Each structure stands twice: as structure tokens, then as C-alpha cells.
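Here is the structure we will look at, set down as C-alpha cells.
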Amino acid sequence: MEKVDCIIVGGGLAGLSAAYGLASEGLEVIVIERGDYSGAKNVTGGRLYLSPIRDLYPELWGAAPFERPVTREFITLMGDGPHTTIELASERFATPPYQSYTVLRARLDQWFADQVMEKGGLVITKNRVDQLLLEGSKVVGIRAGEDDIGADVTIIAEGVLGLLASKAGLREEPKPQDHALGYKEVVELPPGVIQDRWHLNENEGAAHLFMGTVTRGLMGGGFIYTNKDSISLGIVVGMQAMRAAPEKIESYTLLDAFKELPQIKPLVSGGTVVEYSAHAIAEGGIAKVPKLFGDGYLLAGDAAGLSLNALVTVRGMDFAIASGYYAARTVIDARARGDFSAAGLAQYEQSLRRSFVLKDLQTAREIPRTIENPRLFTHYPQAVSRLLEQVFTIGPGPAQKLSKTVVDGVRKEFLNVRTLKELYAMRKI
Ligand SMILES: Cc1cc2nc3c(=O)[nH]c(=O)nc-3n(C[C@H](O)[C@H](O)[C@H](O)COP(=O)(O)OP(=O)(O)OC[C@H]3O[C@@H](n4cnc5c(N)ncnc54)[C@H](O)[C@@H]3O)c2cc1C
């Protein structure tokens, strides 16, 4: 059978990052991607945190097809009646080097695949890997259709469901309680309209998150990210929360309902939908990260459960790129030693533990359990909005002191045993 140094299953950001690192060092690397092109099947909300990964491939990012740097943050808390939007504009976010950018994967991943090819790596698209080839517990290559290809190391970067890896017994099968489902549209709008609607200057971007009735109180939220001449808008909802919901909800209807909300409609008005996608998201946190390496293989990106929903920040792309980078470094070092056994590849997990990837997931280890609390998506967004509504209300009679309004509101909404216990539990996140 034909044999190369490294085969990579999946041409998303994790796979391409590994391939770029390997090809840059002259290793023979093949990426096999089932989509028509890299980026065709890849879904993200839309914001890549560049700060954590800027130094990994410093030569790359200056020419990357990013959309807009995120210079303005919006969070909207939606209750049944009033809703509250917090808008944060900060000099720090608006000054280069920017900490994060909005991205469109169809552009970013294709560009990344081109960079891999320029370095001499091979990205084969429209091909699905059907099976990992095993000799005992060792992964020795892959089968794609009629073709078997051998490799010293196989990097499994097949994305969130990890079907090949779980079929080969290298990780657990995906479970609903560890995943959310995302629905997303890309809606074209003129740049000037985008800038007006989110208070931006040219070459500035916004991230706008929504919590509360937007998911009918289920764990999850809505998002809008501004691109150059489009917006990415979507809804994410926990699979388990959906299953446990008292009334059956067809999750895909949430996105249409979101767009029809009076708060959202004017933001989307006049736009043309040019892309629709749906995708799972790993939300199990570090407790659900599988064994990351073994004889002849490494797991990277979503296939390794490396993503983090911390409510106000959603991350996965930076973890995917970083894990690909460390996977490549590991294979390069293993090759120098001629040892592709589990022991020879153990450096991968050590590198991830030393890096922000497993450190951040460890720091956020309590978040997945904490955000299971449905009141975060029902009581709290409503309570904040109701309290502020009182503060801004002038009724027909004489007004009471502002401090009394606030104290009464806080007492009513937050000073009860249940809420205080929940707020106390949140100290761990
Ligand atoms: C709705 C939504 C919103 C998100 N928002 C954000 C965000 O704002 N910021 C952020 O950082 N992260 C976000 N994420 C997470 C982020 O998108 C992922 O963590 C990231 O895409 C993981 O990259 P990856 O390369 O590991 O996986 P993927 O991008 O899924 O790539 C896996 C690739 O493997 C290919 N593949 C799978 N099986 C096979 C096979 N058998 N043979 C060949 N090819 C195969 C697939 O076609 C795919 O191209 C979001 C995710 C979703 C779904």
C-alpha cells in the first residue's frame, strides 16, 4: 500500500493547521476532505480569537481573508416583555493588533488549504475517509473508497461527531448531553448598512449575542457577527435541553422565529440569505476530552472535543488551529526519533497541557455544568430587564427615590434563597 509520513482526516482548521506545519518542514502530508472544497462543510458562528494563536504561525495571519476585526460587543438579554442591550466599545478592541476577527469559513478554510498546497502538502477534496486502518491497537492508515493509504501517523481532525474515531474505539460516541445544535444563515447587506446598524466605522466589526426568550428559555442563545458585506446570524440550543423541553420544539424553527422578533427584524431587513447551515457543537468541556493520542494517531480540533462555550465567548477555531499546530510539532519530533508509538506521541498532550488549549478548558471546567441551569436563560435575562424597566419608568403619580427603586428591584429579583445559591455557585466559573 502507498505510504506517506502523515495522513490527515478532515480539511477544516484543525487538519489544515497540522498539514501546514508538517508541509512547512518538508514532510509528505495528505489531507483528505469530504467536502467539495475546504470550508464547504464547515460551520462556525463567526469569530476567531486570534490573540491566543497569533504567534503559532506568525507569517500567516497578515494575509488571511478575515472579515472585520471585532471592535464592539453587544449582549441583548431578552425577557418576555422588556429586553436589555449592553454595548461595549473599547479603544483596546479597536486598536491593532486586534484580538479577534469575524470570519467566513468558506473563504478562510479555502485560503488555508491553498497555503498548505503552496508548502507542498496535498489537500484532496470530494473524498471521504471510510475507515481507519488498524493493526492491533495501532492506526496504520486510512481507507477511502477503494484506496488504502498508509502513514506513520494519522491525524484525526474529522470534526465534532468523531464518527471514524469512535467506530475505531478511539473515543466515545457523541452524546446529546455534551452537544448543542447550531443553525446559521449568512445574510448579505451593504457594508454601509452594516456599519450604521451596529455603530461601526469602516473596517470595524461587531459581535452581538442574545440570551433569553430567543431560545424560548432553553440553554443556548442567538448570535450576529458582522462580516464585510454580510452578517452571520444564528441560534444555538442544547440538545439535551431540547429533548427535555416540556413542549416539543422543532429546533430549526427557532432561527426563523429569531429573525421575526421585533428586536431582530430591523437588523436583518433588506438582506438576502446566501448561505444556510446546521451543525453540532461540542459543549462537554474538559471532562469530555478523549485520550488525545495513541499508537500511530492524534486527535485534533472538534474531534478531540476542544471547544468552549462560556456564554459571552464561544471558542473552538483557535483551539482547532492550536491543536493542529501542536500535532504537527509532535509528528515532526516523533519522526526525528523514529518513534510513532503512543509513547513517542505523548508529547502532544503535554504540549496542549502547557498551552492555552487545555489550560483554558481546565479553567472553565465548571462552565458546562453551570450553564445547564435553565434559569440562566429564563429568570436572569428577564430579571435584569424588569429591574431596568422600573428604573426608567416615570408613572402618573410622584416618583420614589431612585435608590429605593433599585433596592426594591434587587430585593424582588435577586434576594431570595434560590437566586443567591445560584449566584454563589457561579463563583466557580
Ligand atoms: C453554530 C456554531 C457557532 C460557532 N461559533 C464559534 C465562534 O464564534 N468562534 C469559534 O472559535 N468557534 C465557534 N464554533 C466552533 C468552531 O466552529 C469549531 O470548533 C471548529 O470549526 C472546529 O474545527 P475543526 O477543524 O476541528 O472541525 P471542522 O471545521 O468541523 O472540520 C472537520 C472537517 O472534517 C471533514 N470530515 C469529516 N469526516 C470526514 C471523513 N470521514 N472523510 C473526510 N473528511 C471528513 C469535514 O467535512 C470537515 O471539513 C461554532 C460552531 C458552530 C457549529
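Whatever order the structure lists them in is the order used to number ligands and atoms, beginning at 1. Here the structure is a predicted model, which is why all the values come from computation and not from measurement. Index from 1, following the sequence. What's counted below: heavy atoms across the whole structure, side chains too, no hydrogens, waters or symmetry copies.
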_Please confirm whether Gly46 approaches ligand 1 to less than 4.0 Å, judged on its heavy atoms._
yes

*Compute the shortest N/O to N/O distance between Arg34 and ligand 1 and return yes if it is under 3.5 Å, no if not.*
yes

_I need the contact type for Ala282 against ligand 1. Using non-hydrogen atoms and a strict under-4.0 Å cut-off, is it side chain, backbone, both or neither?_
neither

*Closest non-hydrogen protein atom to atom 3 (C) of ligand 1, residue and atom name please, with distance?*
Gly45 N, 2.9 Å

*Top protein contact for atom 49 (O) of ligand 1, by heavy-atom distance*: Glu33 OE1, 2.6 Å

*asked:* Below 3.5 Å, N or O to N or O, backbone or side chain included: is there any such pair between Gly35 and ligand 1?
replied: no

*Asp318 N/O to ligand 1 N/O under 3.5 Å*: no

_Minimum-distance protein heavy atom relative to atom 8 (O) of ligand 1_ = Arg47 N, 3.1 Å

*For Tyr183, is the nearest heavy atom under 4.0 Å from an atom of ligand 1?*
no

*Should Val9 be counted as touching ligand 1, given the test is an N or O pair under 3.5 Å?*
no

*Can you find an N or O of Gly301 that's nearer than 3.5 Å to an N or O of ligand 1?*
no

*Go through ligand 1 atom by atom and flag the ones less than 4.0 Å from a non-hydrogen atom of Ile32.*
43 (C), 44 (N)

*Indicate yes or no for a side-chain donor-acceptor contact from Lys359 to the backbone of Arg354 under 3.5 Å, with no hydrogens or angles considered.*
yes

*What protein heavy atom sits nearest atom 34 (O) of ligand 1, and how far away is it?*
Gly10 CA, 3.2 Å

*Closest by any non-hydrogen atom to atom 1 (C) of ligand 1: pick that one out of Gly182, Gly39, Ser17.*
Gly182

*Does Asn42 reach ligand 1 with a nitrogen or oxygen that is under 3.5 Å from one of the ligand's nitrogen or oxygen atoms?*
yes

_Donor-acceptor pair, distance only, cut-off 3.5 Å: does the side chain of Asn127 make one with the backbone of Thr125?_
yes

*Just distances here: any N/O of Ser307 and N/O of ligand 1 closer than 3.5 Å?*
no

*For atom 30 (O) of ligand 1, what is the nearest protein heavy atom, given as residue, atom name and distance?*
Gly159 CA, 3.8 Å

*Has ligand 1 got any nitrogen or oxygen that is less than 3.5 angstrom from a nitrogen or oxygen of Ala14?*
yes

*asked:* When you compare ligand 1 with Thr44, is there at least one nitrogen or oxygen pair between them that comes in under 3.5 angstrom?
replied: yes

*Applying salt bridge (Lys or Arg N to Asp or Glu O under 4.0 Å), run through Lys259 and Glu185 and close with a yes or a no.*
CA-CA 10 Å; Lys259 285 169 63 182; Glu185 284 180 0; 2.5 Å; yes

*Are any of the N or O atoms of Val314 closer than 3.5 Å to those of ligand 1?*
yes

